[in-house]
Amino acid sequence: MKNSDIATVFENIADLLDLKGDNKFKIRAYARAAQVIHHLPEEMELMHEEGKDFQDITGIGDAIAKKSMEMITTGKLKFYEDLKAEFPKGIINLLDIPGIGPKTAYRLATELNVGSVDQLEKAIKDGRVASLERMGEKTAANILHSIEVFRRKDRRIPLGEALPIVEEMLNSLRHIAGVQNLMPAGSLRRFKETVGDIDLMGTADDPESVIQAFVKLPQVREVLSQGPTKASVILPKGLQADLRMVEHEDFGSLLQHFTGSKEHNVALRTRSQKQGLSLSEYGITDIKTGKVEKFADEESFYRFLGLQYIPPEIREDMGEIALAEKNAIPRLIEIGDIKGDLHIHTVSSDGNDTLEDMARAAKALGYQYLAITDHSSGRNITADKKIERLTGQIAEIKRLNQSIPGIYLLNGVEVDIRADGSLDLPDEVLTELDIVVASVHSSFLQDRATMTNRIIGAIKNPHVDIIAHPTTRKIGEREPADVDLEAVFRAAAANGKALEINAMPDRLDLKDLHAYRARELGVMLAICTDSHATWHLNMMRFGVGVARRAWCQHKDILNTLPLKDMLEFLKRRPAG
DNA sequence: GCCGTTTTCGGCCCGACTGTTTTCAGTCG
């Protein structure tokens, strides 16, 4: 069983125990364990093989370790099967409806025999829900509305779509006189790959004027609510955005609170309680004296707790608080550390811009180098022309390297790893190039062993430098390939090959947790945009966001190397 | 069920909102 399956079982156990009215701290322990397992960088199956003790994981004790083991060895859990049998079938589905918690779900299932969302809708419409004790017309109507919202609920929006909209809005609002702070909080600020809704926070001399401008922005499709300090609106794609204007002296506490993650904040509060402090969005209260400390910025908030400042991207309760106590949070990679892009396309394959355009755009970003890595096959490249194309590219790069000073172009290719594991170009061609990026673009549905061997085969080819978008996923479009990433990571580390963090917002591949694990295993990572147009080069920051969420430093990322070291690195390739 | 700088028992995160109450339970973020 995969970690995600195990985590789901514990989540469901927490829900079922909640339905039962069991001890709430026991319930929290299961829910917490589910969270922890969901965020584990390594599969528990593998940890088991390696003889690691699950109880060393914070949040997992004797009971949950044993239950996890049972699931890994037998594929199921008797405790869970027995527990499920105590309830009407489908009761857990009711908990997906906003506004329905365990108490309500249990009553609906037992008193009205409701076991699905459809049945619930019927029960509301024929008046049975409103007739229950401590329920009424209003509650029933609210649940019905929640069902409607649930049914048409759009999936989470990719960060790459949400962030530009938000930035555009904030930039217009920043021009209003008296605005002091204005920024996103929530998962957007933490650079999660998708966002549910958008939290914006600000301070201003005249907060109401900012609210009024906010609801009139051209991006706003619908105003849900509007008050003197807070407004909620609907943006394109059904995205909800809340703007909250607060007192200047409270900004740090509120920003910290609304940035989350929830898990990070819970861990912070638990820790603070032991110091006699109570945390809330309004500040830090000394429990004995009742004195409330306020914070205008986050730095002073963390400092007051005796903690180093924690970057938003790693506020996930993955050990960052313990490190902050020791002042040991590393300096995470920043966009300014990136010295070049190692994966881009031009009109020679399926790109929109010429080699020269791409070179000048990269130079404008301050890069020292740019690798030209058009596809080995596909659009614009017939099988008999692919070697001829490369010969032409080599000549043009030689010319441009003389005519455009300040940026060094690398002769490269993105070579297909074919279904049978062979590369789309012969070794004697690859050896003529400065850099070779290899990737899968076909037969995405191969079984795990075949796909894993296919990728590891490419890693072992001495001419290959980087494996691009290792899982081939596209967010909301294509599931990741079934591949044993742990094996791929170990092979990459052993062979000194880099794996890509593809920075395009619809890919972000490797994703945060995978990159985290790869880094742990000593794999060199390369953040590349896979640009198909000049403006795509700006997507680098999304890849940097993933790398920061993976706790990557300067030294973990290949393309932080200055040109001289990069050329040195590439020299290890076998000469022709 | 988990955990330990008030350790092996006795604790366990905080505040707002809503609806249905007349002092609060349930749900959410």
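Chain letters run A, B, ... following the sequence lines, proteins first and then strands; every chain starts at 1.
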Contact class for [X] vs. all strands (heavy atom < 4.0 Å): base, sugar-phosphate, or nothing?
| X | value |
| --- | --- |
| A:Phe25 | base |
| A:Asn142 | sugar-phosphate |
| A:Ile27 | nothing |

Which nucleotide in the list B:dC2, B:dT20, B:dC14 gets nearest to the side chain of A:Lys138? B:dT20
Regarding the side chain of A:Thr139, the nearest nucleotide among B:dG19, B:dA16, B:dC14 is B:dG19
Send over the distance from [X] [atom1] to [N] [atom2], rounded to a whole Å.
| X | N | atom1 | atom2 | result |
| --- | --- | --- | --- | --- |
| A:Lys230 | B:dA16 | NZ | C1' | 10 Å |
| A:Ile287 | B:dG11 | CD1 | P | 14 Å |
| A:Tyr30 | B:dC12 | OH | C1' | 16 Å |
| A:Lys24 | B:dG11 | NZ | C1' | 12 Å |

Output yes when [X] and [Y] qualify as a salt bridge under the 4.0 Å nitrogen-oxygen rule, no when they do not.
| X | Y | value |
| --- | --- | --- |
| A:Arg190 | A:Glu320 | no |
| A:Glu281 | A:Arg244 | no |
| A:Arg315 | A:Glu263 | no |
| A:Lys78 | A:Glu70 | no |

Taking the chi torsion of B:dT7, is it syn (within 90° of 0) or anti (everything else)? syn
Which heavy atom in A:Leu332 sits nearest to a heavy atom in A:Pro311, and how many Å separate them? CD1-CG, 3.8 Å
Please give me the minimum heavy-atom distance between A:Ala140 and A:Val129, naming the atom from each residue. CB-CG1, 4.2 Å
Is the shortest side-chain N/O distance from A:Ser278 to OP1 or OP2 of B:dC14 below 4.0 Å? yes
Give a yes/no answer on whether the side chain of A:Gln275 brings an N or O atom under 4.0 Å of OP1 or OP2 in B:dT5. no
Hey, can you pull the residues of [range] with a non-hydrogen atom under 4.0 angstrom from DNA chain B?
| range | result |
| --- | --- |
| residues 10-17 of chain A | none |
| residues 57-87 of chain A | A:Ile57, A:Thr58, A:Gly59, A:Ile60, A:Gly61, A:Asp62, A:Ala63, A:Ile64, A:Lys67 |
| residues 301-329 of chain A | none |

Quick one: look up who B:dT8 pairs with, Watson-Crick or G-U, both distances under 3.5 Å, and put none if it's unpaired. none
With the sugar-phosphate defined as primed atoms, P, OP1 and OP2, and the base as all remaining atoms, what B/S/- string results for nucleotides 22-29 of chain B, 5' to 3', for protein heavy atoms under 4.0 Å? ---SSSS-
Flag for [Y]-[X]: side-chain donor and acceptor within less than 3.5 Å:
| X | Y | result |
| --- | --- | --- |
| A:Asn181 | A:Thr203 | yes |
| A:Asp250 | A:Ser253 | no |
| A:Asn265 | A:Gln256 | yes |

Aromatic rings A:Phe191 and A:Phe542: how do their planes relate, parallel, tilted or perpendicular, breaks at 30° and 60°? tilted
Please state whether the rings of A:Tyr309 and A:Tyr302 are parallel, tilted or perpendicular, taking 30° and 60° as the class boundaries. perpendicular
List in chain and number order the residues that pass side chain to side chain contact (heavy atoms under 4.5 Å, CB included) with A:Ser232, two or more places apart in sequence or in another chain; answer none if no residue qualifies. A:Leu224, A:Ser225, A:Lys230, A:Gln240, A:Asp242
Sequence neighbours left out, what passes side chain to side chain contact (heavy atoms under 4.5 Å, CB included) with A:Lys216? Give chain and number order. A:Gln212
Tell me whether A:Asp509 contacts the main-chain N or O of A:Thr471 through its side chain, where contact means a donor paired with an acceptor under 3.5 Å. yes
